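Model, not experiment: these values are computed from the prediction.
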Amino acid sequence: MEPLRNLLENLRAVQEKLRDGESKESNNNFNPQSFWNTLEQAFKATSQEATKISLAYSRPPVPSEEDCQKLSDGLLTAILAASTLYYSLPKDQGTTLRKTVREAVADVIEGSMQLVDVIVSARIQSLSQAQLRSTGSVWEACDHFAQIPKDNQAAVVGIVSGYLGVVKDALEEMEEALAGGEDPFSDVLDDDDTGTRGNQDTYWSEADRRLIAPSLGLMKASKACLKKVLGALKAHGKVETSEQVAQLDDLADITHEVSPSVDELALSMYPPMNHPAVRLNAAKLSSVLKKVLEITSASHVCPDTESSWIQFLHNAIDHNMNKVKSLTQDSL
């Protein structure tokens, strides 16, 4: 078992280095096709080596110290190949792409560590449910290679699509709460013994509802903004120059701020509503959306054909933000 314990320590070291490791800014000899083919082989080899270890420790007798060392070396070699390949992916291929590849490699390492830890910790040598699950996790992480985006445009499209999904969920949740009438907590709080709840802090007032309308308008503008940016990325996103790649990364960075800002506004809209807090969060979201539109309009994904929706959303954001300001003026 000692080789397996050493393997676990070595995998931890590889994992820690992966978090902080950096690759070269650029590499004129970088061959994308060769990179992806070799990384795919490294993932397949990791899956095979993990399976060998799992099978070897699924029933007695326990492998000899020599066999255990060979099994450990096989898995470590495959994982080192994958992590070394990550370092060979130049920064000029895109920050978003590199993060995605790093996460995929990290998942493979994490799954392998869990498998080895389960085997080392087992009191008896048998194919436990924990070992089956851990083996399955390694397979799943390795099979994920097919879903890894192969350039920065695809990576940013995937990221922004995820952000849009989160904003859609937040908007739907708020709309469902509003559809429930004056009491958004009616489905989670029980009436007391008298049949009514006397706490007015769980209800929206008329003033609250007036403020909700433009606040919800900003949430809808957020969804529309991400949807339009996503469409522009799919239609016009390119990775032919380092400038185009960097512009895509800038869009990934700024759109990352939309979802948290939407969540903050949504949370402040629940009763008891603090109107100055709603105003502050609406202003934050408005500012983020304006930045998204600004960065999008200045990038290659926004040719003249896309300019009309940029202006339309600018106007929608201003209209709703001005309404929020007007309705909260007395509460300042």
Problem - Flag if over 12 foreign heavy atoms under 6.0 Å of CD, Glu243 - result: no
Problem - Pairs flagged by side chain to side chain donor-acceptor pair (under 3.5 Å) wherever residues 9-18 is involved - sequence neighbours left out - result: Glu9-Arg12, Gln15-Glu110
Practice task
Measure from the side-chain N and O atoms of Ser161 to the backbone N and O of Gly158, and report whether any donor-acceptor pair falls under 3.5 Å.
Solution key: no
Practice task
Would you list the pairs meeting side chain to side chain donor-acceptor pair (under 3.5 Å) in which at least one residue belongs to residues 222-236, sequence neighbours left out?
Solution key: His236-Glu306
Practice task
Output every pair passing side chain to side chain donor-acceptor pair (under 3.5 Å) with a member in residues 32-43, not counting sequence neighbours, ordered by first then second residue.
Solution key: none
Exercise for the section: Return the set of residues passing salt bridge (Lys or Arg N to Asp or Glu O under 4.0 Å) with Lys290 (not counting sequence neighbours), or none when no residue passes. Expected result: Asp318
Handout entry: Summary of side chain to side chain donor-acceptor pair (under 3.5 Å) pairs that have at least one residue in residues 140-158, sequence neighbours excluded
Key = Asn152-Asp249
Problem - Atom NE2 of His314: over 12 foreign heavy atoms under 6.0 Å - result: yes
Handout entry: Where at least one partner belongs to residues 268-284, residue pairs that pass salt bridge (Lys or Arg N to Asp or Glu O under 4.0 Å), sequence neighbours excluded
Key = Glu264-Lys284
Exercise for the section: For atom CG of Asp330, decide whether the heavy atoms of other residues, nucleotides or ligands shown that lie under 6.0 angstrom number more than 12. Expected result: no
Handout entry: Test salt bridge (Lys or Arg N to Asp or Glu O under 4.0 Å) applied to Arg5 - qualifying residues, sequence neighbours left out
Key = Glu2
Handout entry: Residues forming a side-chain contact (heavy atoms from CB on, under 4.5 Å) with Ser205, sequence neighbours excluded
Key = Ala207, Asp208
Handout entry: Listed partners of Glu257 passing side-chain hydrogen bond (donor to acceptor under 3.5 Å, both in side chains), at least two apart
Key = none
Handout entry: Contacts of type side-chain contact (heavy atoms from CB on, under 4.5 Å), residue Ser64, not counting sequence neighbours
Key = Glu66, Asp67
Practice task
Scan residues 112-121 for pairs that pass salt bridge (Lys or Arg N to Asp or Glu O under 4.0 Å), counting only residues two or more places apart or in two chains.
Solution key: none
Problem - Residues which pass side-chain hydrogen bond (donor to acceptor under 3.5 Å, both in side chains) with Asp73, listed by chain and number, not counting sequence neighbours - result: Gln69
